[in-house]
Amino acid sequence: MHPLEPMFRPRSVAVVGASGDAEKLGGRTLFHIKELGFAGRIFPINVSSREVQGLPAWPSLRDLPEVPDCALIVLPAKLVAAALEDCAAKGIRHVQVLSSGFAEEGGEGVAMQERLVAIARDAGIRITGPNALGSISPPDGFFGTFSSLLATARPGPGRIGVATQSGAYGSHIYAVAGFRGLGISRAIATGNEADLDVASCIDYLAEDDGTAVICASLEGCRNGDRVRAALLKAAAARKPVIVMKVGRTEEGAAAAATHTGALAGEDRVIDAVFRECGAFRASSIEEMLDIAYLCSVAAVPPLPGVGILSVSGGIGVLMADAAVEAGLPVPPMPPETLSRITEIQPVAGGRNPIDTTANLNGRMHVFEGISQAMMEGAELGSLMFYLAHLGRNEERFPPLEQAMAALRRRFPDRLVVAVMTHVDSIRLRLEALGIPVFEDPTRAVRAVAAASRLRDLQAGAAAPPKPRRSGVRLADARNEAAAKALLREAGLPVPPEHACATAEAAAAAADALGYPVVMKILSDDIPHKTEVGGVLLGVADAEAVRAGFSELMRRAGAVRPEARLDGVLVAPMLRGGVETIIGTQRDPAFGPMVMFGLGGVSVELFADVAFASAPLTPERAGALVDSVRGARLLEGWRGAAPCDRAALVSALVAVSELAAAEEAVESVEVNPLLVRPDGAFALDALVRVRG
């Protein structure tokens with residue numbers, strides 16, 4: 001049994017702060033547990049009443065005749081620590097603190113929450129909250145929450161597991177699921193996450209036999225390793241995980257930090273980690289539940305191609321457009337398949353989508369022949385029917401239902417989706433066959449595309465490899481020359497260049513390198529040289545180099561008189577190729593991350609960059625390159641020669657291994673890394689080393 005089983009599916013539960021008034025939080029929590037089907041033992045705790053809502057009550061947890069599996073604490077914040085100490089004395093090891101007034105309010109609340117953590121740690125208690133919503137398990141009739149939505153939109157039993165930080169967010173998901181008739185297996189809202197977090201709950205749901213698909217919502221992340229491990233566990237179990245991470249924008253991230261007391265991470269880092277661990281990131285609750293519904297009714301499609309069979313030409317085209325926009329292939333049917341379709345339905349048109357027209361009166365059996373022909377004629381992972389309003393007609397629908405059942409039997413591994421307005425009775429029968437039913441064509445297509453994407457994400461899910469020892473001698477690398485020396489030792493391609501303390505030394509270096517050259521100011525105090533006019537390009541001869549040395553020193557001294565100037569860096573002037581940026585940063589939750597994108601001014605103008613966890617293998621480095629839109633320039637754009645992709649991949653691997661192996665390396669930025677047909681060259685670099 002998973003260690004968190006009693007939190008989700010207790011056999012007995014104590015409600016600390018139980019009230020006879022069902023309008024109070026403690027009364028509502030007890031009422032839900034007592035009245036909504038829980039078959040286990042219930043122990044109300046109330047200091048002044050010996051009976052609460054018709055149940056025997058006890059003044060303290062210490063007075064209980066047995067040790068309950070789980071306790072729910074619904075008390076004023078100042079009383080919670082004493083109640084948790086009672087849990088410890090009684091031997092209760094699973095506690096949900098639904099009370100608010102802790103770290104989310106700052107000030108004294110932070111210290112009060114730390115006190116709860118200390119008590120729980122010393123007693124070996126696992127807690128959710130404080131400021132949590134509670135947990136529910138509809139198949140067991142357990143609704144351990146004070147949420148008022150249960151009076152109007154209680155979710156029924158199903159196969160969708162839910163784990164959220166925010167109670168209001170979780171409550172909204174439960175409500176929408178209830179209104180849509182979506183079944184939930186287990187659900188929990190973890191609140192402030194003083195102990196258990198969403199990742200811990202995903203870990204549980206990945207093992208839970210009653211859960212087929214997992215929905216999760218994060219506002220912040222403190223323990224990246226736990227998130228990675230939980231998502232990878234779910235991927236290994238082939239349980240789709242659909243995640244929402246709020247705080248995409250700077251404004252949203254600031255609000256999330258205020259709400260939970262946790263800082264939101266770099267959004268593109270979160271994207272990368274979810275992708276690497278096999279999870280799909282949804283952009284709305286509607287999208288999350290659409291995907292979860294599809295995956296709870298049917299398996300993800302084994303192939304990406306989709307077939308569309310429609311009684312409306314226009315809707316068929318709409319669905320095809322939506323599929324292409326979502327990255328879902330819509331392969332045309334081969335000629336022999338089209339001939340078979342025409343024999344079955346002479347008026348049918350199109351190559352995919354196939355338009356049967358609305359002329360189906362008395363001939364709905366043609367769907368069986370056409371759909372089987374499509375499945376056999378092209379590489380399709382899924383087949384989608386658009387059937388207008390036939391799902392509302394109990395008299396006309398049975399032949400079509402039989403055709404769909406036959407299709408499922410013949411192709412049990414393929415995804416079949418019906419799009420139509422419908423009555424619940426028809427929807428439920430199709431769902432029993434493993435056929436999801438949607439009313440909106442575009443939402444249906446996007447859910448299928450997401451399911452197809454989940455297949456690929458889970459197949460490629462993997463933790464970053466273990467870092468190798470870099471062997472690099474870390475040293476102060478505040479100016480460009482020192483940074484490049486460190487990176488050269490780590491295996492990055494750095495062109496020959498010279499740090500020069502005098503004008504004559506600079507001229508001699510330029511003579512040795514050959515003209516034209518680039519000259520850049522060197523200073524530990526000036527990381528961004530262009531801000532002081534500290535770069536000269538295309539310097540053509542020795543006299544210009546001497547004059548350039550003096551000019552660079554003058555400019556830097558005028559703009560930054562306090563800066564220590566170490567001289568000038570002289571480097572060859574390289575032209576052609578594509579400017580890229582590579583680098584690393586150490587994320588507070590997820591550790592070292594690698595960045596790649598278009599370089600030079602493009603990185604600020606277009607922000608076309610992507611991240612991956614360090615270290616990289618050559619395969620993962622190649623995938624990182626491919627994920628950036630501008631990477632097409634490397635293939636040779638408008639007659640240009642293709643760039644040396646292997647050299648770029650090698651540089652990414654090298655910088656990732658440095659970041660992963662050396663914790664003292666806080667960040668690396670190589671901008672630009674010039675990628676040419678004859679190799680890659682680090683033209684500028686900045687390295688920050690701690691200590």
Side-chain angles (χ1 to χ4, degrees), residues 1-5 7-9 126 128 135-137 139 158-165 169-170 173 177 182-190 193 196-219 221-245 265 269-283 285 287-302 415 447 449-464 589-590 612-613:
M1 185 173 69
H2 192 280
L4 297 189
E5 178 85 354
M7 198 78 78
F8 288 86
R9 306 180 68 193
R126 303 310 306 269
T128 61
S135 64
I136 66 173
S137 178
R159 307 181 69 206
I160 300 173
V162 180
T164 77
Q165 287 179 329
Y169 195 100
I173 290 177
L182 305 185
I184 285 178
S185 57
R186 330 279 174 230
I188 195 165
T190 54
E193 298 190 340
L196 292 172
D197 57 10
V198 166
S200 305
C201 299
I202 293 173
D203 184 275
Y204 166 79
L205 294 170
E207 284 189 22
D208 178 40
D209 290 339
T211 298
V213 55
I214 301 168
C215 293
S217 169
L218 297 170
E219 295 183 13
C221 176
R222 294 185 181 90
N223 191 315
D225 289 341
R226 205 152 52 216
V227 170
R228 276 197 180 100
L231 294 178
L232 288 170
K233 183 176 180 178
R238 288 296 182 262
K239 290 192 179 182
V241 180
I242 306 104
V243 190
M244 283 195 69
K245 166 63 176 68
V269 168
I270 292 284
D271 265 346
V273 172
F274 288 166
R275 183 177 63 250
E276 292 167 352
C277 296
F280 182 92
R281 186 174 184 182
S283 59
I285 293 176
E287 182 186 28
M288 170 186 275
L289 290 178
D290 282 347
I291 301 166
Y293 163 66
L294 185 146
C295 293
S296 69
V297 172
V300 298
L415 174 62
S452 183
R453 177 68 177 144
L454 271 163
R455 178 201 64 240
D456 296 338
L457 288 170
Q458 289 191 327
F590 295 103
S613 301

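Atoms considered below: every heavy atom in the structure, side chains included; atoms not considered: hydrogens, waters and symmetry mates. Here the structure is a predicted model, which means the values were calculated and not measured.
- Between Asp203 and His2 the shortest side-chain heavy-atom distance falls below 4.5 Å.
- Thr128 places a side-chain heavy atom less than 4.5 Å from the side chain of Met7.
- Between Tyr204 and Phe8, the ring-plane angle classifies as parallel under the 30° and 60° cut-offs.
- Atom CG of Asp208 sits about 12.0 Å away from atom SG of Cys201, to the nearest 0.5 Å.
- Remark: Glu5 pairs with Arg9 by the salt bridge (Lys or Arg N to Asp or Glu O under 4.0 Å) rule, at least two apart or across chains.
- With sequence neighbours left out, the side chain to side chain donor-acceptor pair (under 3.5 Å) criterion links Ser217 to no other residue.
- Distance check, rounded to the nearest 0.5 Å: OH of Tyr169 to CD of Glu219 gives 9.0 Å.
- Between Glu207 and Lys233 there is a side-chain heavy-atom pair separated by less than 4.5 Å.
- In this structure, the side chain to side chain donor-acceptor pair (under 3.5 Å) partners of Glu193, at least two apart in sequence or on a different chain, are Gln165, Thr190.
- Of all heavy-atom pairs spanning Ser613 and Pro464, the tightest one is CB-CG, 3.5 Å.
- Pairing each heavy atom of Ile184 with each of Pro139, the nearest pair is O-CD, 3.5 Å.
- When the side-chain contact (heavy atoms from CB on, under 4.5 Å) test is applied to Ala449, the partners found at least two apart in sequence or on another chain are Ala326, Leu328.
- Counting heavy atoms from C-beta outward, Gln458 and Val300 have side chains that stay 4.5 Å or more apart.
- Shown here are the side chain to side chain donor-acceptor pair (under 3.5 Å) partners of Ser200, two or more places apart in sequence or in another chain: Asp197.
- Legend: residues meeting side-chain contact (heavy atoms from CB on, under 4.5 Å) with Arg453, ordered by chain and number and at least two apart, are Arg275, Phe280, Asp456, Leu457.
- Residue Arg226 holds its CZ atom at 11.5 Å from CD1 of Ile202, rounded to the nearest 0.5 Å.
- With a 4.5 Å cut-off on side-chain heavy atoms, Leu454 and Ile291 count as touching.
- At least one side-chain heavy atom of Leu415 sits under 4.5 Å from a side-chain heavy atom of Leu294.
- Partners of Pro302 by side-chain contact (heavy atoms from CB on, under 4.5 Å), not counting sequence neighbours, listed by chain and number: Asp413, Arg414.
- Take Ala461 and apply the side-chain contact (heavy atoms from CB on, under 4.5 Å) test, not counting sequence neighbours, and it matches Leu232, Ala235.
- Lys239 contributes a side-chain N or O that, together with a main-chain N or O of Thr211, makes up a donor-acceptor pair within less than 3.5 Å.
- Not a single side chain to side chain donor-acceptor pair (under 3.5 Å) links Arg159 to another residue, sequence neighbours left out.
- When all heavy atoms of Ala237 and Ala206 are compared, the pair lying nearest together is CB-O, 3.8 Å.
- Here the side chain of Ser185 pairs a donor or acceptor atom with the backbone of Ile160 at under 3.5 angstrom.
- Of all non-hydrogen atoms in Arg186 and Ser137, the two that sit nearest each other are NH1-OG, 2.8 Å.
- One distance of note links CD1 of Ile285 with CE of Met244; it measures 6.0 Å at 0.5 Å rounding.
- Taking both residues in full, the closest heavy atoms of Ser296 and Val213 are given as CB-CG1, 3.8 Å, listed atom of the first, atom of the second, then distance.
- Closest heavy-atom contact between Met288 and Val243: CE-C, 4.1 Å.
- Put simply, the side chain of Lys245 does not reach to within 4.5 Å of the side chain of Cys221, judged on heavy atoms.
- Listed by chain and residue number, nothing satisfies the ring pair (Phe, Tyr, Trp, His ring centres under 6.0 Å) test with Phe590 (two or more places apart in sequence, or in another chain).
- Remark: Asp290 engages Arg180, Arg443 in a salt bridge (Lys or Arg N to Asp or Glu O under 4.0 Å) (not counting sequence neighbours).
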